[in-house]
Structure formats: C-alpha cells, structure tokens
Peer 1: 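Quick one: the structure is below, and I'll ask about it shortly.
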Amino acid sequence: MRIAFAGNPNSGKTTMYNALTGMSEKVGNWAGVTVGRKESPLKEEYSHGQEVIAVDLPGAYSMSPFTPEEGITSEYVRERHPDAIINIVDATNLSRSLFFTTQLLELGVPVVVALNKSDINEKENTVIDVAALEQKLGCPVIKTVSTEKTNSGLKELVDKAISLNGKGQVAPYVQADIDLHDKNQVDAEDRKRFSFVNDIVSQVETRQTLSSKSNAEDRLDSILLNKVSGILIFAAVMWLVFTISQAWLGPLVADWLVGYIEGFQEWVTEKMADSPAILTTIVADGIIGGVGAVVGFLPLVMVMYFLIALLEDCGYMARVSAVMDPIFKRVGLSGKSVIPVIIGTGCGIPAIMACRTIRDERERRATAMLSTFIPCGAKVPVIALFAGAFFAGAGWVSTVSYFLGLVLIFLGALLVKVVTGYKYRKSFFIMELPKYKIPSIKRAFFSMLERAKAYIIKAATIILVCNLVVQLMQSYDWSFRAVEEGMEHTSILASIASPFALLLIPLGFGAWQLAAAAITGFIAKENVVGTLAVVYGLTNFIDVDELAMVGGANEISVAMGLTTVSALAYLFFNLYTPPCFAAIGAMNSEMQSKGWLWCAIGLQLCTGYTVAFLVYQIGTLITEGHLGQGFVPGLIAIAVMACVVFMISRRIRADFDRQYALHGGKIPA
C-alpha cells in the first residue's frame with residue numbers, strides 16, 4: 001500500500017514524514033524545502049506489520065503545475081494513483097490550506113486530512129469543529145502535532161488512512177469544465193473555489209484573535225518587510241553571517257585542519273624520497289594536496305550553512321525573500337536569489353548550493369549560473385596583486401570589481417530571461433510567511449551535515465581529479481621528465497597554454513605564462529597568483545604561501561609585460577570567467593542538467609572574454625589613440641560565441657516551454 005503525503009509548503013509535511021518513517025529529510029520553517037519525491041516504508045509501530053510505503057511529495061498550493069515542484073505532486077497523484085492520500089493542512093491557516101484539499105478530493109482517491117500544528121491553535125485559543133469539517137469535506141479529519149512523540153495523533157491518522165484502502169472518495173466541490181489556457185476562466189473558477197472554502201471555514205473555525213488585528217509578529221514584519229529598513233537589516237545580518245563563517249570561525253577550523261594535512265603531506269613526501277618523482281607528485285601533491293584543497297573550503301561551507309539553517313528555521317529567510325523579490329524579479333530572478341549573491345562574496349560553492357531553496361527551476365539554475373560573477377574570497381589575492389603591481393594599491397580596483405560583478409549578474413539575468421522566453425510569462429511568487437520561532441540547533445546541525453555531504457560527493461571529487469592533472473602538467477614535460485627551475489616553458493602546461501594564448505591576444509595578454517595562470521585558476525582562483533610567481537620567476541616578490549606581494553611592484557609589472565589597460569583586462573578575465581572546478585562541481589549538482597551546466601560555462605567564458613576585450617580595446621583607444629592588437633579576430637570570436645550561446649539557448653527555451661505547458665497543452669505566445 002502506498003500513502004501519498006501532500007500539502008502546502010511549510011505545513012509540516014516533511015516533519016510528519018520523518019516521524020512516521022524514521023527518515024531525516026531536510027525540514028525548514030519556510031516554503032520550498034522538499035524539491036523532489038521521496039519514498040520510505042512506515043515504521044512497524046504504525047504499519048502493524050503491513051508493507052506501507054509513505055511518499056513525501058513537494059509542497060504545492062494547487063494541482064495545476066505552475067512550478068516544477070507542483071508538477072511532481074500533480075503528476076504523481078494523477079498518474080501513479082496512490083491507495084490513499086494524507087493531506088497535511090496547516091490548522092493555523094485553514095482558509096489557504098483547504099483550497100488544495102478540495103482539489104485532492106476531486107481525484108477520487110481516499111483522503112485523510114491531518115489538521116497539523118493543532119498545538120499552536122490551542123495556544124492562540126483558535127477552535128476548529130472537527131466533526132463539522134469532516135461533514136463538510138466528506139472525509140476523515142484528524143488533529144495532529146507532528147513535532148511531538150506523544151499525543152501527536154499520528155497513529156490514529158495512519159490507521160484511518162490504511163482502513164480506507166480500496167475505497168473511493170466523493171468530492172464536495174467539483175470544478176467546472178473550463179479551458180485552462182484561458183486566464184479569465186481560470187481566475188473565475190478559482191474565485192468560486194475560494195468562496196466555497198471560505199464559507200466552510202466561517203462555519204467550522206472560531207478565532208480568538210482575528211487576522212485583521214495587529215500583533216507583535218505583524219509589528220516586527222512591518223520593519224523586516226519594509227523596502228528600506230528590511231534591506232538594511234538584511235545587509236547587517238548577512239555581514240555577520242559572512243564574518244563568522246569566512247573571517248572568524250570558518251578559517252580558524254580550516255587552518256587547523258589544513259595544517260595537519262600539510263604536515264602529513266610533507267611527511268609522505270619525505271617517506272617517498274626514494275620513489276619515482278612522478279609517483280610522489282601523484283600521491284603527495286595531487287591526491288593529498290587535493291584533499292587539502294577540499295578541507296580548506298569545507299569548514300567555511302559548513303559554518304555558513306549552519307548559520308543559514310538557523311535563519312531559515314526561525315522564519316527570517318522567508319521575510320528576506322519577500323522584501324528582495326520586487327528588485328530581483330525585474331531581471332527574471334527571485335527574491336531568494338539575493339542569498340546566493342551575498343554568500344558568493346565569501347565562496348562560490350556555498351553560494352551555488354544556496355540556490356536549492358529557490359522553488360522555480362529556471363530561476364534556480366539562472367541564479368546558480370550567475371552568482372559566481374561576484375568576486376569570492378579566493379579572487380581577493382588576484383585583485384590585490386594587480387592593484388598593487390599596476391595601480392599602486394588603488395582601492396577603486398576592488399570596488400569596481402565587485403560593482404561590475406553585480407552589474408554582470410543583472411545583465412546576465414536579463415539575457416537568460418530573454419532567451420528562455422520568460423518575459424512572456426507571468427512569474428508566480430507565493431511565499432508563506434511562517435510564524436517566528438526559536439530555531440532548532442539539532443535541525444541546523446543535520447542540515448549542515450547534509451549539505452557538507454553533498455559538497456564532498458559532488459564538488460570534492462572534481463577538485464581531486466583536476467588538482468592531480470594540473471600538478472602533473474606543470475611539473476613534467478611530455479617525456480615525463482621533471483621540469484627544472486627556469487625551464488617552465490617546457491612543461492606540458494606551457495605547451496597546452498600556448499595555443500590558448502593566441503586566442504587571448506585581442507584581450508591584451510597573449511603570453512603562455514598568463515594563459516597557464518588562468519588555467520590553473522580553475523582549480524582555485526588564488527592559484528593565479530602562485531602560478532604567475534613561478535612561471536615568471538617572481539618568488540622573491542610574491543609570497544607563494546601567503547599569496548601576497550611582498551615588494552617589487554615595478555619588477556612584477558615589467559616581468560609580465562602588461563600595460564595598465566591590459567593588466568585590468570587580465571584581472572577582469574580571471575574574475576568573470578568560469579569559477580574554480582569545485583564551484584563548477586557544485587553548479588552541476590544544483591542544476592541537475594548537463595545542458596544548463598554547459599550553457600553556464602559558455603556564458604561565463606563569453607562574459608569574461610567580452611569584458612576583457614572591451615576593457616583592452618576601448619582602454620587602448622582612449623590612452624593611446626588607436627585600437628589594440630587583434631581587434632578584428634577578437635570581434636569575430638565574440639560573434640561566434642554569441643551565435644553558439646544563442647543556438648543552445650533556443651534548445652533550452654523549447655524545453656522550458658514544454659515543461660510549463662499545462663496538461664501538455666501549448667501556452668500561447
């Protein structure tokens with residue numbers, strides 16, 4: 001027997017599912033936590049020895065699939081025909097919840113309504129006449145408190161659902177046969193259903209505190225949801241989260257762990273002194289060094305997500321999404337997109353992973369694609385090196401880098417909005433503002449572990465492999481002889497970078513050393529600094545351990561042979577091309593689409609190339625009175641990239657149209 005668990009977002013559905021199955025799926029005090037269908041057998045104490053499978057469906061407000069998550073719920077209930085449905089209803093918001101309930105009752109599958117959060121109603125002196133509600137709906141109604149182990153009503157709920165196996169369901173309200181593509185007809189029918197639901201609620205519910213009266217939560221919301229104070233408070237909160245995770249606690253834990261790994265790496269190198277050099281490179285530099293790179297990111301990620309989980313659970317993040325939505329919606333993103341953008345100033349990996357809270361699939365993927373344009377902590381050493389060597393440490397270099405990153409996010413979002421056809425659709429932003437509550441340390445801890453596990457499995461594997469490959473390429477020539485100091489141009493990396501250097505001539509930096517540094521930056525962006533120090537022999541002026549310039553600004557600029565314009569172009573190229581391999585791995589995990597992943601990489605490559613091209617060519621024209629070298633080939637390259645991105649985008653747009661067509665129909669343009 002299969003029992004489907006269906007309900008509105010933030011109704012306590014997943015909490016109930018975990019209590020009945022013993023699973024530990026992620027829960028949260030805001031909408032959009034469950035983003036896929038999950039199945040598990042019920043505990044024996046509830047199933048009484050029978051094989052009963054519980055199916056946790058994503059939260060939905062309607063059986064019409066306006067979002068991918070609602071599409072999962074609608075498709076499963078309509079096509080898989082569960083034996084019974086447990087409809088989790090938020091008893092504190094009965095009017096909103098019963099709209100979905102009346103749709104479920106039309107399907108003919110037996111339904112049991114769980115009046116969840118009944119304990120909150122008791123505290124607020126809100127009374128629901130259960131018997132009257134059962135009579136109005138024509139199905140069993142059970143009071144439940146899914147967060148309690150005793151007197152929770154869960155056993156009675158499951159027993160009732162099992163007893164309905166094989167029976168039918170009569171609907172108290174049946175929708176008229178209308179054209180679902182006609183907005184006016186859909187709106188009119190929805191109003192009739194809401195009127196029916198509100199009539200039921202008025203007869204079965206008695207509230208001590210009317211929703212029209214202001215309470216403490218309303219007064220707090222008036223501050224947090226204000227378009228001025230809300231944004232300022234959010235900026236302060238995120239600064240604190242970022243400081244704790246990226247500057248205080250996170251680095252403290254990371255440095256401690258990395259210190260042990262580096263010590264172990266040195267010990268292994270000493271023990272393998274008599275082993276072949278290539279084996280030492282693979283084991284010590286490649287594998288163990290790669291593990292060190294993973295561990296260096298992991299504590300920052302874990303602390304960040306622990307703090308974000310606390311903010312989610314207390315109900316604050318829902319308010320942030322609501323107050324930021326009008327701004328981000330203008331460019332086709334979501335109010336929830338602001339979280340990844342802010343987190344991205346610390347590290348691109350947790351920024352991309354934060355996109356999973358965005359319910360709309362297109363907005364989630366677009367945000368994951370664009371959030372790394374904000375310079376992360378790994379790019380700070382690159383900014384500092386070029387600002388110090390070519391611009392006398394001017395602070396405007398850093399300011400412009402971050403501001404330009406934000407501009408590129410908005411421009412990129414507009415581009416994605418156009419090529420996916422999103423401009424022709426009305427965006428639905430339905431955000432349930434949950435009640436404030438004290439966050440659960442336990443939930444935040446397990447949420448942190450879950451996300452850390454996803455990072456290790458998806459992102460860390462890419463770091464290990466790519467770190468090993470690049471270490472081998474820069475340490476050996478094609479005959480696998482170790483590259484001696486001063487002979488870096490004979491390495492495999494140099495030979496591979498040289499052809500790419502030709503493509504970079506229109507950007508003002510056609511040297512293989514600069515191309516090689518950009519390539520190693522894909523492991524971690526701070527590698528750009530270390531690679532430049534090695535290939536140019538500048539280790540006397542650049543500390544490769546601290547990744548900082550210790551003097552000789554003039555010597556560094558002369559050795560690289562860059563003008564101030566081409567240096568700025570090279571800096572922007574490294575900042576706005578695809579992020580490190582770990583971030584790309586996280587992007588792959590969150591997008592769950594190879595097509596979108598390759599489009600993201602292509603867009604980022606084109607963006608970095610185009611920005612660098614414009615900076616170099618226009619800057620050279622202004623400072624020297626003529627266009628830079630390779631203007632025509634560069635212009636042709638940009639035109640070709642634009643055509644490729646356009647062709648791929650057309651395919652994505654077609655898939656997007658099919659996905660959002662109601663009931664397989666065609667959405668009119």
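FYI, the numbering just counts along the sequence from 1. None of these values were measured; they are calculated from a predicted model.
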Peer 1: Roughly how far, to the nearest 0.5 Å, is the CE atom of Met587 from the OG atom of Ser593?
Peer 2: 12.5 Å
Peer 1: Main chain of Thr372, side chain of Tyr576: is a donor-acceptor contact present, judged purely on distance under 3.5 Å?
Peer 2: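 Looks like no, no N/O pair under 3.5 Å.
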Peer 1: Name the residue from Phe509, Tyr570, Phe631 that meets the ring pair (Phe, Tyr, Trp, His ring centres under 6.0 Å) definition with Phe613.
Peer 2: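 Running ring pair (Phe, Tyr, Trp, His ring centres under 6.0 Å) over Phe509, Tyr570, Phe631 with Phe613 returns exactly one hit, Phe631.
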Peer 1: Using only atom types and a distance under 3.5 Å, with no angle test, would you say the side chain of Asn8 pairs donor to acceptor with the backbone of Ser11?
Peer 2: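 No, because the side chain of Asn8 does not come within donor-acceptor range (under 3.5 Å) of the backbone of Ser11.
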Peer 1: Just do the side chain to side chain donor-acceptor pair (under 3.5 Å) check on Ser566 and Thr563 with the steps written out, would you?
Peer 2: CA-CA 5 Å; Ser566 58; Thr563 64; 3.0 Å; yes
Peer 1: Using every non-hydrogen atom in the two residues, find where Ala518 and Phe573 come nearest and quote the distance to one decimal.
Peer 2: CB-CE2, 4.1 Å
Peer 1: If the plane angle is over 60° it's perpendicular, under 30° parallel, otherwise tilted; pick one for Phe581 and Phe522.
Peer 2: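 Aromatic pair Phe581/Phe522 classed tilted.
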Peer 1: Under 4.5 Å between any side-chain heavy atoms of Ile618 and Val615, yes or no?
Peer 2: no
Peer 1: Quick one: OG1 on Thr607 to CG on Leu575, what's the gap to the nearest 0.5 Å?
Peer 2: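 The OG1 atom of Thr607 sits 13.0 Å away from the CG atom of Leu575.
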Peer 1: Apply the test side-chain contact (heavy atoms from CB on, under 4.5 Å) to residues Ile584 and Asn588: give CA-CA distance (whole Å), side-chain angles for both, the deciding distance (0.1 Å), then the verdict.
Peer 2: CA-CA 6 Å; Ile584 293 175; Asn588 178 51; 5.7 Å; no
Peer 1: How long is the straight-line distance from CG of Leu311 back to CG of Leu307, given to the nearest 0.5 Å?
Peer 2: 7.0 Å
Peer 1: Within the 4.5 Å heavy-atom criterion, are Ile638 and Cys606 side-chain neighbours or not?
Peer 2: no
Peer 1: Is it true that a side-chain atom of Lys437 and a backbone atom of Cys314 form a donor plus acceptor pair closer than 3.5 Å?
Peer 2: no
Peer 1: Are any side-chain N or O atoms of Gln604 and backbone N or O atoms of Met369, one a donor and one an acceptor, separated by less than 3.5 Å?
Peer 2: yes
Peer 1: So, does Gln617 use its side chain to make a donor-acceptor pair with the main chain of Pro506 at under 3.5 Å?
Peer 2: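 Pair found, side chain donor or acceptor close to backbone of Pro506.
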Peer 1: Do Arg319 and Phe234 meet the cation-pi criteria used here (NZ or CZ under 6.0 Å from the six-membered ring centre, within 45° of the axis)?
Peer 2: no
Peer 1: Among residues at least two apart in sequence or on other chains, which ones pass side-chain contact (heavy atoms from CB on, under 4.5 Å) with Thr367?
Peer 2: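 Thr367 satisfies side-chain contact (heavy atoms from CB on, under 4.5 Å) with Leu333, Ser337, Pro340, Cys355, Ile358 once adjacent residues are dropped.
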Peer 1: A side-chain contact here means heavy atoms from C-beta on lying under 4.5 Å apart; do Leu507 and Tyr609 qualify?
Peer 2: yes
Peer 1: Between Thr577 and Lys525, does the side-chain contact (heavy atoms from CB on, under 4.5 Å) criterion hold? Intermediate values first, please.
Peer 2: CA-CA 10 Å; Thr577 45; Lys525 287 299 181 180; 3.8 Å; yes
Peer 1: Looking only at non-hydrogen atoms, find the nearest pair between Ile519 and Phe500 and report the distance.
Peer 2: CD1-CD1, 4.4 Å
Peer 1: For Tyr402, does the OH atom sit with more than 12 other heavy atoms under 6.0 Å from it, leaving out its own atoms?
Peer 2: yes
